Each structure stands twice: as C-alpha cells, then as structure tokens.
Peer 1: 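Okay, handing you the structure first.
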Number of protein chains: 2
Amino acid sequence: MRSMSNNGGSKIHGNLTERMDAFKERCRQAGLKVTPQRIAVFRTLIESNEHPSAEMVFRQVRKIFPNISMDTVNRTLLMLKEIGAAIVVPGLGGPKRFDGNIQPHHHLICMKCKKIIDFYHEPFDNIQVPQRVKRAFAVSRITVYLEGLCDKCRPKR
Amino acid sequence: MRSMSNNGGSKIHGNLTERMDAFKERCRQAGLKVTPQRIAVFRTLIESNEHPSAEMVFRQVRKIFPNISMDTVNRTLLMLKEIGAAIVVPGLGGPKRFDGNIQPHHHLICMKCKKIIDFYHEPFDNIQVPQRVKRAFAVSRITVYLEGLCDKCRPKR
DNA sequence: CTCTGTGCAAACACTTTGCAGCTAA
DNA sequence: TTAGCTGCAAAGTGTTTGCACAGAG
C-alpha cells in the first residue's frame with residue numbers, strides 16, 4: 001500500500017549527496033553562485049517533512065549556521081521555487097509553506113492546526129484537464145487539494 | 001459546453017434577493033446580528049467574480065458605504081468563511097482571496113499576474129479520495145488546483 | 001578581480017487585538 | 001435593555017527593499 005507520508009521518515013528521494021550535487025549543478029546552470037548559505041537552506045528544506053515556513057527553516061538552519069539572516073533564508077527559498085527546486089504549498093493565507101519534494105503529490109490541510117500532510121495517489125497525478133482549459137491556460141502543475149480536519153483535531157469517532 | 005467563468009457575467013447563482021435572504025437567515029441561525037455592514041460586504045463579495053482580497057472588497061464596498069472600516073470588512077469576511085457563506089481560495093501566499101461562490105468548482109492561478117480563474121468540471125467534483133486518506137482525515141472540501149500562465153501572461157503561441 | 005550574494009536595517013503589507021461607544025434585536 | 005458589532009488605534013506577523021561589505025567564481 002502506498003503510504004501517506006509524514007510518517008517520520010525522511011522525505012528525501014534518492015541519495016542526499018546526489019540531490020545536493022544536482023542542486024549545485026542546477027544553480028550553476030541558472031548562473032547562481034553556490035554559497036554555503038544556499039546549501040544549508042536547501043539541505044534543511046529537503047530534510048524536513050513538515051512543509052516549513054521561512055521562519056521554520058530559519059530556526060532550523062541557524063543550528064548549524066548561526067550567522068545566517070532571515071532575509072537570506074527567505075530569498076533562498078524564493079530562489080528555490082524560481083529554479084524549480086522547491087514548490088510553495090497552496091494554502092489559505094498565513095506564511096508561505098515550502099516543500100523540497102517536487103515529485104507529484106497532493107496535500108491535505110488541517111483547518112484547525114494548519115498541519116500539511118502529503119499523500120501520494122497515482123490516479124490523481126494523471127487527472128485529465130479539459131481541453132478548453134488547456135487552450136486558455138498553460139498548465140504547469142496540477143494538484144488535488146483537500147481541506148478538513150486531521151486525526152488529532154477532528155471530533156472523536 | 002460548460003464555460004470557464006470569469007466571463008464578465010455575474011457569478012451569482014440564483015436570485016440576488018434570495019441569496020441575501022438566505023444569508024440573513026444563516027446569520028440569525030448562527031446567533032449573529034444582521035448589520036448593514038455585513039449585508040454590504042456579503043453583497044459585494046457575491047457580486048464580484050475576481051476572488052477579491054479584503055482590500056479589494058473594502059475599496060468596492062466603500063463606494064456605497066463610505067464609513068465602513070477595513071477591520072469590519074476583514075472580520076466580516078472571516079465570519080463568512082466561518083459560517084460557510086464564503087470560501088478562501090487556496091493560493092501561494094499574499095493576501096487571502098475570498099470567493100462567495102460555494103458551488104463545487106476549481107481554480108487556475110496565473111503564476112505571473114496572480115489572476116484566479118474559476119472553472120467547472122463535473123468529473124473533478126466527484127473524484128474519489130482513497131480510503132486510507134478518509135480514515136485518517138475528515139475531508140470537508142476537495143479542489144483541483146492548477147498553476148500555470150494565463151492567456152495574457154504566457155509566451156505567444 | 002568582478003559581480004553576485006549576504007547581513008543589516010528600515011520599510012512595507014497584511015492581519016489581529018483592545019477598547020469605548022453604538023445599534024440590532 | 002443588552003449582548004454583540006463597529007471604528008479607531010496600535011501592535012503583531014510576515015515579506016520586501018536598499019545598501020555597503022564579503023566572498024564565490
């Protein structure tokens with residue numbers, strides 16, 4: 001059974017070193033410098049499975065890089081989205097939540113505790129967008145978005 | 001053919017007076033007072049088809065209600081969501097965007113100009129969420145969310 | 001060496017909160 | 001009458017910008 005993630009396990013797909021190397025390469029191809037700050041932010045992001053906000057990444061990355069500034073974290077996260085190394089998870093306002101997992105997947109959002117939970121479901125990856133939409137809009141990403149209450153927040157069964 | 005909306009037409013489903021009456025009734029049932037401000041905000045919202053932010057509603061509603069404050073608009077919009085008379089459109093940060101159309105429908109977001117476009121597609125309304133997800137999460141709303149570039153923003157064909 | 005990236009500080013945008021007076025019921 | 005609502009003001013949170021120095025290429 002394909003599991004819902006958020007299972008405490010790592011979200012990193014493939015070897016960490018490989019992903020870091022691929023990231024460095026992607027920076028170079030985009031004409032961006034590979035700085036220790038960028039490496040630290042990217043690594044923190046892909047090691048997290050809680051769809052962190054800039055603030056959350058900042059707190060975490062500070063542990064190994066005490067002098068990094070919030071701006072740099074913010075700018076780096078936006079840059080990651082720009083070059084396609086991260087996505088911003090759709091949400092209902094509040095701080096942006098980032099995700100280093102760019103594999104096709106979908107999200108549940110708990111309306112109460114704001115937790116974001118990944119789930120994988122191949123049929124959703126292949127849903128067909130109607131022609132009339134494709135004609136009027138260059139679709140780059142399709143996601144199914146579920147609102148509700150997580151196990152902890154919903155009234156007891 | 002089911003059209004994409006945002007066609008300049010009204011988004012109001014059913015008679016305006018009916019919807020206003022239903023709204024008043026819903027307020028009463030929730031123990032909330034029916035104030036002129038609330039009526040003006042709700043009416044502005046359902047007459048808009050651009051998924052307005054609080055700011056956009058504020059500017060519009062001021063035309064007919066010059067003394068209303070931004071707070072009241074904000075509080076009213078959040079209240080509308082609370083009682084189920086409006087939804088917040090999923091997005092990638094920035095100001096919350098509200099929608100007075102609570103019929104099942106889906107959204108395209110232009111990554112460049114941030115325009116939100118509704119589309120209706122019955123197969124998407126009925127997609128089946130896997131059992132394992134339903135068991136762990138009380139799903140209250142299912143939406144398909146498309147990112148891309150709108151006709152105006154995408155490179156010319 | 002050069003030009004981008006960083007850190008700092010300030011500005012900005014959006015949202016939330018506390019409170020005194022007002023008003024729908 | 002009175003509980004709830006409004007408007008104002010202030011504070012809070014999250015994000016963006018300008019600039020001088022630092023460091024990757």
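Here the structure is a predicted model, which means the values were calculated and not measured. So you know, we letter chains A, B, ... as the sequences are listed, proteins then strands, and number each from 1.
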Peer 1: Quick one: salt bridge (charged side-chain N to carboxylate O under 4.0 Å, His left out) partners of Arg28(A), sequence neighbours excluded?
Peer 2: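 Arg28(A): salt bridge (charged side-chain N to carboxylate O under 4.0 Å, His left out) contacts with Glu25(A).
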
Peer 1: Report all side-chain donor-acceptor pairs from residues 64-71 of chain B shorter than 3.5 Å, counting only partners two or more places apart or in another chain.
Peer 2:
from     : atom 1 : to       : atom 2 : distance (Å)
Ser69(B) : OG     : Thr72(B) : N      : 3.3
Ser69(B) : OG     : Thr72(B) : OG1    : 3.2

Peer 1: Reading DNA chain D from 5' to 3', where do the contacts with chain B start and stop? Cut-off is 4.0 Å to heavy atoms.
Peer 2: dA3(D) to dA9(D)

Peer 1: Output the residues of residues 72-93 of chain B in contact with DNA chain C, where contact means a heavy atom of the residue under 4.0 Å from an atom of the strand; sort by number or write none.
Peer 2: Asn74(B), Arg75(B), Leu78(B)

Peer 1: Kindly say whether Arg38(A) contributes a backbone atom to a donor-acceptor pair with the side chain of Thr76(A) at under 3.5 angstrom?
Peer 2: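 A pair under 3.5 Å: no.
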
Peer 1: Sequence neighbours left out, what passes side chain to side chain donor-acceptor pair (under 3.5 Å) with Gln60(A)? Give chain and number order.
Peer 2: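 Residues passing side chain to side chain donor-acceptor pair (under 3.5 Å) with Gln60(A): Lys63(A).
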
Peer 1: Could you list the residues that satisfy salt bridge (charged side-chain N to carboxylate O under 4.0 Å, His left out) with Glu55(A), not counting sequence neighbours?
Peer 2: Arg59(A)

Peer 1: Decide yes or no for Ser53(B) and Met56(B): does some side-chain heavy atom of the first lie under 4.5 Å from some side-chain heavy atom of the second?
Peer 2: yes

Peer 1: Extract from the structure each pairing of a protein N or O with an N or O of nucleotides 9-13 of chain C at less than 3.5 Å, listing the distance.
Peer 2:
from   : atom 1 : to       : atom 2 : distance (Å)
dA9(C) : N6     : Asp71(A) : OD2    : 2.6

Peer 1: Between dT15(C) atom C1' and Lys96(B) atom NZ, what is the distance in whole Å?
Peer 2: 7 Å

Peer 1: Between N or O atoms, less than 3.5 Å apart, protein on one side and nucleotides 21-25 of chain C on the other: list the pairs.
Peer 2:
from    : atom 1 : to       : atom 2 : distance (Å)
dA24(C) : O3'    : Val34(B) : O      : 3.4
dA24(C) : N3     : Lys33(B) : NZ     : 3.4
dA25(C) : OP1    : Val34(B) : N      : 3.3

Peer 1: Using only atom types and a distance under 3.5 Å, with no angle test, would you say the side chain of Ser48(A) pairs donor to acceptor with the backbone of Thr44(A)?
Peer 2: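 It does not hold such a pair.
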
Peer 1: For residues 56-63 of chain A, which residues have at least one heavy atom under 4.0 Å from DNA chain C?
Peer 2: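 Here the set is empty: none.
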
Peer 1: Do Lys114(A) and Leu92(A) touch side chain to side chain, with heavy atoms closer than 4.5 Å?
Peer 2: no

Peer 1: What's the shortest heavy-atom distance between Leu45(A) and Ala86(A), and which atoms?
Peer 2: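 Looking at all heavy atoms of both residues, the closest pair is CD2-CB, 3.7 Å.
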
Peer 1: Are the side chains of Val89(A) and Tyr145(A) in touch, meaning some heavy atoms are under 4.5 Å apart?
Peer 2: no

Peer 1: With no hydrogens and no angle check, just 3.5 Å: does a side-chain donor-acceptor pair link His107(B) and Asp118(B)?
Peer 2: yes

Peer 1: Is the ring pair Phe119(A)/Phe124(A) parallel, tilted or perpendicular, if the boundaries are 30 and 60 degrees?
Peer 2: perpendicular

Peer 1: Tell me, please, which residues at least two apart from Thr35(B) pass side chain to side chain donor-acceptor pair (under 3.5 Å).
Peer 2: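 Result, side chain to side chain donor-acceptor pair (under 3.5 Å) vs Thr35(B): none returned.
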
Peer 1: Do Met20(A) and Ile39(A) touch side chain to side chain, with heavy atoms closer than 4.5 Å?
Peer 2: yes

Peer 1: Would you mind reporting whether Lys24(A) and Asp21(A) have side-chain heavy atoms less than 4.5 Å apart?
Peer 2: yes

Peer 1: To the nearest 10 degrees, how far apart in direction are the end axes of the helix from dC1(C)-dG25(D) to dA25(C)-dT1(D), each fit to five base pairs?
Peer 2: 50°

Peer 1: Any chance you could pull the hydrophobic cluster mates of Ile102(A), using side-chain heavy atoms under 4.5 angstrom and chaining through other members?
Peer 2: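 Ile102(A) clusters with Ile87(A).
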
Peer 1: If you define the side chain from C-beta out and look only at heavy atoms, does anything of Asp151(A) sit under 4.5 Å from Arg135(B)?
Peer 2: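 A side-chain contact under 4.5 Å is absent here.
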
